[in-house]
*Asks:* 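Following this message is one structure expressed as structure tokens.
Whatever order the structure lists ligands and atoms in, that order sets their numbers, starting from 1. Numbering of residues begins at 1 and proceeds along the displayed sequence. Fair warning: this is a prediction, and the values are worked out from it, not measured in the lab.
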Amino acid sequence: MRTRTGDRSDAAFIVEMARLASSIEGRPLPPADDPVLAQGLPPSPDTSVLALDHDGRPVGAAWWHFREPLLVVTPDGAPVPELVIAVTPAERGHGVGRHLLDALITRAARHGYDRLALNVHVLNPAVRLYCRTGFVVAGKGRGPLGVAMVRHLP
Ligand SMILES: CC(C)(COP(=O)(O)OP(=O)(O)OC[C@H]1O[C@@H](n2cnc3c(N)ncnc32)[C@H](O)[C@@H]1OP(=O)(O)O)[C@@H](O)C(=O)NCCC(=O)NCCS
């Protein structure tokens, strides 16, 4: 599985991934121009990683952002970057998500961050992937059924 840094030409794909990540499977997705969705997009292209298929087409993306109100802050009040991840439905269950998480963790550590946070719906099966990759529950997340999780970076 190849990955690469996102660039400006990936904007439409990232919005599609943000739509997938903002709802649990089988529920309606928000419109592409949803203002809440816009707040959770990558602040700059180098905060995103794309996974590519054999033909170089993107099949998933992960990035971080700092949407207000912040999900998690460090004990001394510093904002913790919030991860978003999604894989196209046909490519799920084959390790793409794990690969993207590993790539984004490496990138966030290089940017000087010592932890990553995420928000996940309690019924989202993605919780298993997060637990397997070292995320632990850090408290209440966004919305009534959101859970915040955090992982310390190497
Ligand atoms: C969550 C997601 C990114 C994982 O990507 P993936 O490529 O399927 O992940 P991997 O193959 O590396 O790992 C599989 C794990 O992902 C989780 N998963 C979530 N939805 C899944 C699906 N439709 N098919 C397979 N696995 C899924 C499971 O926990 C699975 O772990 P398990 O093998 O213990 O059951 C992907 O399923 C997805 O895009 N889901 C919709 C968007 C979303 O919910 N994003 C997260 C918001 S918090």
*Asks:* Go through the side-chain N and O atoms of Ser48 and Arg107 and say whether any donor and acceptor fall under 3.5 Å apart.
*Replies:*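 There is no such pair between these side chains.
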*Asks:* Is the number of heavy atoms from other residues, nucleotides or ligands under 6.0 Å of Arg4 CZ greater than 12?
*Replies:*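 Atom CZ in Arg4 is packed in, count exceeds 12.
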*Asks:* Kindly determine whether Glu91 and Arg57 satisfy salt bridge (Lys or Arg N to Asp or Glu O under 4.0 Å), including the steps that lead there.
*Replies:* CA-CA 12 Å; Glu91 303 292 337; Arg57 282 187 298 251; over 6 Å; no
*Asks:* Give the minimum heavy-atom separation between Thr47 and Pro42, together with the two atoms involved.
*Replies:*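 Heavy atoms only, the tightest pair is OG1-CB, 3.4 Å.
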*Asks:* Enumerate the protein residues lying less than 4.0 Å from ligand 1, judged by heavy-atom distances, in chain and residue-number order.
*Replies:*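 Within the 4.0 Å shell of ligand 1, which is judged on heavy atoms, sit Leu20, Ala21, Glu25, Ile85, Ala86, Val87, Arg92, Gly93, His94, Gly95, Val96, Gly97, Arg98, Asn119, Val120, Asn124, Pro125, Ala126, Arg128, Leu129, Tyr130, Arg132.
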*Asks:* Closest approach of Ala18 and Leu41, non-hydrogen atoms and distance?
*Replies:*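 So the minimum-distance heavy-atom pair works out to CB-CD2, 3.8 Å.
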*Asks:* Distance check, rounded to the nearest 0.5 Å: Trp64 atom CH2 versus Leu104 atom CG?
*Replies:*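 Between atom CH2 of Trp64 and atom CG of Leu104 there are 5.5 Å.
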